[in-house]
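Input: a single structure, listed below in structure tokens.
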Amino acid sequence: MRYIVGLAAGLLAATGIAAAQEKPGFRDTPMLPDGKWHVHDADRPYPAVVTPGATPGAAPSDAVVLFDGRSLDAWTATGTPWPVKDGAVTVPPRVGGKESLLVSKQSFGDVQLHLEFRSPNPPTKSSQDRGNSGIWFMQRYEVQILDGYQNPTYADGTVGAIYGWKPPLVNPSRRPGEWQSYDIVFERPRFNADGSVKRPAYVTAFLNGVLVQNHQAMLGTTIWRQVAKYEAHGDAAPIQLQDHDSPVSFRNIWVRPLPEAALSQDSTGGKQ
Ligand code: MG
């Protein structure tokens with residue numbers, strides 16, 4: 001039998017056809033610490049194939065496109081509609097002093113997000129009043145958007161900051177009027193049944209391709225002039241773009257909801 005199988009495999013190899021039943025890898029190697037797979041396990045599932053975007057920053061095949069430069073169908077404005085023009089959407093002027101947040105209709109938990117923004121040019125005002133907006137994951141956890149180009153402000157409030165907690169590692173801001181990119185991995189917090197924090201939220205962020213937050217734990221719900229703390233909530237909630245009374249523009253917004261397997265594991269197989 002072994003001879004016949006070997007002969008068949010040899011014939012298949014000779015014709016360039018891979019034997020379907022023979023997966024590359026091993027079944028006699030030691031078990032990994034998670035207790036599920038051997039080292040180089042032949043039976044470990046292959047990663048799903050995803051077609052990347054045709055150009056850097058373009059949405060891959062498995063992304064949920066939230067804004068493609070034309071339609072705002074994926075969003076609801078809480079007040080004045082956000083105008084779309086020339087492939088970009090912009091925070092509208094305040095009407096009667098009221099803010100208008102842009103809230104995604106779909107809810108998300110763990111996500112990879114890509115977004116491009118442009119600070120108003122010429123800049124007006126200074127510090128927190130210059131080009132302020134923000135990406136609010138789960139409508140609670142803000143990664144700051146600000147005109148960070150030659151605009152002194154408190155470090156934990158500049159662009160790339162986890163607002164009120166962690167300044168960005170560096171400031172790779174482009175000039176106002178230029179498009180800038182954010183690529184962010186957000187891991188939602190996990191709560192125990194009694195509402196206590198089992199695992200905090202984590203953020204990894206690249207601003208213009210430069211690392212500004214590296215798997216940074218968040219303190220809790222974003223808040224001004226106070227220490228953030230968590231309040232238990234569900235597993236999914238909308239993504240929200242902030243209206244801070246500054247005409248910041250956005251384009252090319254997409255997310256990839258992430259599976260549990262995306263959470264980092266420690267070397268024993270436990271969740272980090
Ligand atoms: Mg903000």
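Below, all heavy atoms of this structure are taken into account, side chains as well, without hydrogens, waters or symmetry copies. Indexing begins at 1, ligand by ligand and atom by atom, following the structure's order.
Within 6.0 Å of the NZ atom in Lys105, the count of heavy atoms belonging to other residues, nucleotides or ligands exceeds 12. For CD of Glu178, the number of neighbouring non-hydrogen atoms (other residues, nucleotides, ligands) closer than 6.0 Å is greater than 12.
Residue contacts to the Mg ion (ligand 1): Asn132 brings an N, O or S atom closer than 2.8 Å. For Gln128, every N, O or S atom stays at 2.8 Å or more from the Mg ion (ligand 1).
Contact check on Arg174 versus Asp147 returns no salt bridge, with no Lys/Arg side-chain nitrogen under 4.0 Å from an Asp/Glu carboxylate oxygen.
Our summary of the site lists the angle at the Mg ion (ligand 1) between OE2 of Glu142 and O of Ser133 as 90°, to the nearest 10 degrees.
Judged by distance alone, with hydrogens and angles left aside, the side-chain atoms of Arg140 form a donor-acceptor pair with the main-chain N or O of Met138 at under 3.5 Å.
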